[in-house]
Amino acid sequence: MEQEQRERYARHISLTEIGESGQERLLSSRVLIVGAGGLGSPAAMYLAAAGVGTIGIVDDDEVDVTNLQRQILHTRKSVGKPKTSSARERIALLNRDVTVEEYCLRLAEENVKGIFDKYDVILDATDSFESKFLVNDACVELQKPFIHGAVQRFGGQLMTYVPGKGPCYRCIFEEPPEPGAVPSCKETGVIGGICGIIGSMQSVEAVKYLLGIGELLTGQLLTVDALTMEIRRVPFPQRNENCRACGGEGL
């Protein structure tokens with residue numbers, strides 16, 4: 001590690017749980033973020049600041065002015081640009097140690113495994129149930145850990161899946177709801193700060209996993225209500241044996 005890097009990451013290196021060896025591990029790690037929006041923005045910023053060496057960004061959308069209320073990766077100058085290129089440019093300004101790999105496409109069954117296979121951990125920062133189940137099922141099949149996040153209105157939730165160490169997303173939620181059964185954030189709204197809270201927590205979970213430290217949110221769903229500032233952990237310690245993804249029946 002160069003002296004400039006030792007200075008940059010000094011507050012990490014001074015943590016006994018990380019140290020110089022842990023920082024070197026982060027610099028050689030690869031994290032994929034699916035979604036460069038409200039959750040993906042803070043997650044990407046903190047992972048880049050932490051010195052995660054390679055960050056992949058999957059998103060097929062362009063920056064819209066309505067995104068700027070919560071999607072802190074992007075600025076007014078980014079409006080009209082692909083979110084992946086906006087993210088790459090923003091991260092380049094923050095940390096030149098980080099390489100950003102862009103996937104300006106919609107995640108689908110035909111491409112998901114080829115993309116996911118290149119990364120150590122996946123962050124689900126998507127805003128659709130279809131995408132969340134796709135992320136889950138691919139990660140279960142590939143034996144990849146992933147960190148789920150979701151927000152709506154003033155609330156959010158978070159859980160971590162590690163192969164062999166607890167239930168997957170499908171164990172808990174089983175199947176996507178019928179189209180239109182659950183209103184979208186576009187319909188109900190979302191406070192920007194809850195995106196920052198959940199996205200930042202996703203980045204912390206990713207760092208913990210990469211370094212093998214702390215207690216991950218496996219087998220439990222963490223929920224945050226920003227209106228009351230109530231934080232709860234809902235235990236789901238057992239895998240659903242009837243789960244189509246990880247319960248023995250395959251994908």
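Note that the numbering runs from 1 along the sequence shown for the chain.
- Ile198 approaches Gln157 most closely through the heavy-atom pair CG2-O, 3.6 Å.
- A donor-acceptor pair under 3.5 Å links the side-chain atoms of Ser28 to the main chain of Arg25, judged by distance alone.
- The closest side-chain heavy-atom distance from Lys81 to His74 is not below 4.5 Å.
- Looking at Arg153 and Ile194, their side chains never come closer than 4.5 Å, going by heavy atoms from C-beta outward.
- If you take CD on Gln220 and CG on Leu158, they are separated by 9.5 Å, rounding to the nearest 0.5 Å.
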>> Run the side chain to side chain contact (heavy atoms under 4.5 Å, CB included) test on Asp120 and Val31 for me, step by step, so that the C-alpha distance in whole Å, both residues' side-chain angles and the decisive distance to 0.1 Å come before the verdict.
In response: CA-CA 6 Å; Asp120 301 314; Val31 176; 5.8 Å; no
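- Here the side chains of Lys118 and Thr54 are not in contact, with every heavy-atom distance at 4.5 Å or above.
- Residue His148 is tested with Tyr169, Phe236, Phe129 for a ring-ring contact (aromatic ring centres under 6.0 Å, His included); the sole match is Tyr169.
- Between the Lys144 side chain and the Asp117 main chain, a donor and an acceptor come within less than 3.5 Å of each other.
- One hydrophobic cluster, built from ILVMFWY side chains closer than 4.5 Å, cannot hold both Leu26 and Leu32; they sit in different ones.
- Looking at heavy atoms from C-beta onward, Ile115 lies in side-chain contact with Tyr103 at the 4.5 angstrom threshold.
- The number of heavy atoms from other shown groups lying within 6.0 Å of CD (Glu110) is above 12.
- By the 4.5 Å heavy-atom criterion applied to side chains, Leu27 and Tyr9 are counted as neighbours.
- Contact annotation: the side chain of Leu39 never approaches that of Asp127 to less than 4.5 Å [non-hydrogen atoms, C-beta and beyond].
- Cluster membership check: Leu217 shares its hydrophobic cluster with Leu211, using side-chain heavy-atom separations under 4.5 Å among Ile, Leu, Val, Met, Phe, Trp and Tyr.
- With sequence neighbours left out, Tyr46 forms a ring pair (Phe, Tyr, Trp, His ring centres under 6.0 Å) with no residue at all.
- No donor-acceptor pair closer than 3.5 Å links the side chain of Lys83 to the backbone N or O of Cys104.
- Nearest heavy atoms, Ala87 versus Leu73: CB-CD1, 3.6 Å.
- Taking each heavy atom of Val151 and Cys195 in turn, the nearest pair found is CG2-SG, 3.9 Å.
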>> Go through it in stages, so that I can follow the logic: the residues are Arg170 and Asn240, the test is side chain to side chain contact (heavy atoms under 4.5 Å, CB included), and I'd like the CA-CA distance, side-chain angles, deciding distance and then a yes or no.
In response: CA-CA 9 Å; Arg170 192 180 283 276; Asn240 180 354; over 6 Å; no
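- Note that CD of Glu205 and CG of Leu222 are 8.5 Å apart. Values are rounded to the nearest 0.5 Å.
- Remark: the backbone N or O of Val190 is not paired with any side-chain donor or acceptor of Arg70 at under 3.5 angstrom.
- Residues passing the side chain to side chain contact (heavy atoms under 4.5 Å, CB included) test with Ala48, sequence neighbours excluded: Ile55, Ile91, Leu94, Val98.
- Side-chain heavy atoms closer than 4.5 Å link hydrophobic residues (I, L, V, M, F, W, Y) into clusters, and following such links, even through other members, never connects Val224 to Met229.
- The CD atom of Gln23 lies 6.0 Å from the NE2 atom of His12; values are rounded to the nearest 0.5 Å.
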> Can Leu68 and Arg76 be said to form a side chain to side chain contact (heavy atoms under 4.5 Å, CB included), step by step?
Replying inline: CA-CA 8 Å; Leu68 304 183; Arg76 288 181 299 168; 3.9 Å; yes
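- Ile147 pairs with exactly one of Val121, Asp124, Val204, Leu216 by the side-chain contact (heavy atoms from CB on, under 4.5 Å) rule, that one being Val121.
- Put simply, the side chain of Ser41 reaches to within 4.5 Å of the side chain of Gln71, judged on heavy atoms.
- Residues Cys139 and Pro145 form no side-chain contact, since every pair of their non-hydrogen atoms from C-beta on lies 4.5 Å or further apart.
- Under a hydrophobic-cluster definition in which Ile, Leu, Val, Met, Phe, Trp and Tyr are linked whenever side-chain heavy atoms come within less than 4.5 Å, directly or via other members, Leu47 and Ile197 are assigned to the same cluster.
- Side-chain N/O atoms of Ser78 and Ser86 include a donor and acceptor closer than 3.5 Å.
- For Glu102 against Thr84, the heavy-atom pair with the smallest separation is OE1-OG1, 2.9 Å.
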> Under the salt bridge (charged side-chain N to carboxylate O under 4.0 Å, His left out) criterion, do Glu101 and Arg30 qualify, and how do the steps go?
Replying inline: CA-CA 10 Å; Glu101 297 182 345; Arg30 298 174 59 86; 2.9 Å; yes
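- Atom CZ of Arg8 is separated from atom CZ of Arg96 by 8.5 Å, given to the nearest 0.5 angstrom.
- Enclosure of atom CD in Glu130 is not indicated, since only 12 or fewer non-hydrogen atoms of other residues, nucleotides or ligands lie within 6.0 angstrom.
- Connection of Met201 to Val234 is not established within any shared hydrophobic cluster, with ILVMFWY side chains joined at heavy-atom distances below 4.5 Å, either directly or through further cluster members.
- With rounding to the nearest 0.5 Å, the separation of CZ in Phe116 from CD in Gln143 is 14.5 Å.
- For the atom pair OG1 of Thr16 and CD1 of Ile213, the computed distance is 9.0 Å after rounding to the nearest 0.5 Å.
- Annotation for Leu123 and Ser203: closest pair CD2-N, 4.4 Å, computed over non-hydrogen atoms.
- The closest donor-acceptor contact from the side chain of Asn95 to the backbone of Val52 lies at 3.5 Å or more, if one exists at all.
- Residues Ser200 and Pro42 share a closest heavy-atom pair of OG-CB, 4.0 Å.
- Between Arg6 and Glu4 there is no salt bridge, since none of the side-chain N atoms of the basic residue sits less than 4.0 Å from a carboxylate O of the acidic one.
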> side chain to side chain contact (heavy atoms under 4.5 Å, CB included) between Glu20 and Glu24: does it pass, once the steps are laid out?
Replying inline: CA-CA 6 Å; Glu20 188 166 320; Glu24 289 175 341; 3.8 Å; yes
